[in-house]
Amino acid sequence: MAQPQITVKKQQELQQQYTNYKNNLQQLAQKIGDIEQDTEEHKLVLETLTPLPPDRKCFRMVNGVLVEKTVKDVTPALQINSEGLKKVLEELVKQYKRQQDDMEKWKVGFLSLSIATLPMSIPYSYSSRTSYDAATLGPIIWTC
């Protein structure tokens with residue numbers, strides 16, 4: 001019994017969904033990298049300010065303006081910002097993992113189609129490697 005083939009429109013929809021998943025993951029990864037860098041910078045500044053006397057002058061950039069303060073004034077604000085960045089980072093990582101899981105579920109649903117249901121005109125970029133599904137004894141497409 002012949003199985004119906006996926007239409008060109010459906011192929012385009014699947015490719016668009018895949019592209020959307022990849023782009024969302026890439027954007028989240030970029031945000032995570034930015035927050036990690038900010039967190040590390042806060043940590044370095046706190047480590048630098050910790051041994052200094054509390055009444056020592058230091059400068060802080062606030063909305064593009066350099067403001068003179070003391071170590072005792074700046075340190076609590078830096079600690080609060082650092083903790084906030086860590087919480088944001090944790091949330092972004094959770095969101096990234098959720099998005100990644102959603103993509104994996106989508107791929108499993110897509111991969112449940114055997115190669116027989118796919119027309120021969122699917123671009124090679126869909127299939128970077130192939131394995132065999134024991135249920136259908138036909139190759140299924142894996143994406144990376």
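One is the number of the first residue; the rest follow in order along the sequence. Quick note: numbers below take in every heavy atom, side chains included, and nothing from hydrogens, waters or symmetry partners.
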task: Kindly give the heavy-atom pair with the smallest separation between C58 and V71, and that separation in Å.
output: SG-N, 3.8 Å
task: Please name the pair of heavy atoms, one in I35 and one in L89, separated by the smallest distance, quoted to 0.1 Å.
output: CG2-CB, 3.8 Å
Reported OG1-to-CD distance for the pair T19 and Q16, which is rounded to 0.5 angstrom: 5.5 Å
message: Quick one, M103 and K107 - any side-chain contact, counting heavy atoms below 4.5 Å?
response: yes
message: Tell me whether Y96 shares a hydrophobic cluster with W106, the cluster being built from Ile, Leu, Val, Met, Phe, Trp, Tyr side chains joined at under 4.5 Å.
response: yes
- prompt: Do E13 and K9 have side chains that get closer than 4.5 Å, going by heavy atoms?
  reply: yes
- prompt: In the single-linkage hydrophobic clustering (I, L, V, M, F, W, Y; side-chain heavy atoms under 4.5 Å), do L78 and L52 co-cluster?
  reply: yes
- prompt: Which residue pairs satisfy the salt bridge (Lys or Arg N to Asp or Glu O under 4.0 Å) criterion with at least one member in residues 83-98, sequence neighbours excluded?
  reply: E91-K94
- request: Could you note down all residue pairs passing salt bridge (Lys or Arg N to Asp or Glu O under 4.0 Å) where residues 37-66 supplies at least one of them, sequence neighbours left out?
  value: K57-E68
- request: Calculate, to the nearest 0.5 Å, the distance between atoms OG1 and NZ belonging to T75 and K69 respectively.
  value: 11.5 Å
- prompt: Can a donor-acceptor pair be found between the side chains of N23 and Q27 at a distance below 3.5 Å?
  reply: no
Heavy-atom check, side chain of H42 versus side chain of Q79, under 4.5 Å: no
field: Nearest-0.5 Å distance, CG of residue L49 to NZ of residue K72
entry: 14.5 Å
query: Which atom pair, heavy atoms only, marks the closest approach of Y21 to D102?
result: OH-O, 4.0 Å
query: In terms of hydrophobic clustering (I, L, V, M, F, W, Y; side-chain heavy atoms under 4.5 Å; direct or indirect links), are I80 and V45 co-clustered?
result: no
- request: Using the rule that two of Ile, Leu, Val, Met, Phe, Trp, Tyr join whenever any of their side-chain heavy atoms come within less than 4.5 Å, decide whether L28 and V88 are in one cluster.
  value: yes
task: Mind checking the CG-OG1 spacing from N81 to T39? Nearest 0.5 Å is all I need.
output: 10.5 Å
statement: Note: with side-chain heavy atoms under 4.5 Å as the link, the other cluster members for V67 come out as V62, V65
query: Which distance, rounded to the nearest 0.5 Å, do you find between the CD of Q99 and the CG of N24?
result: 5.0 Å
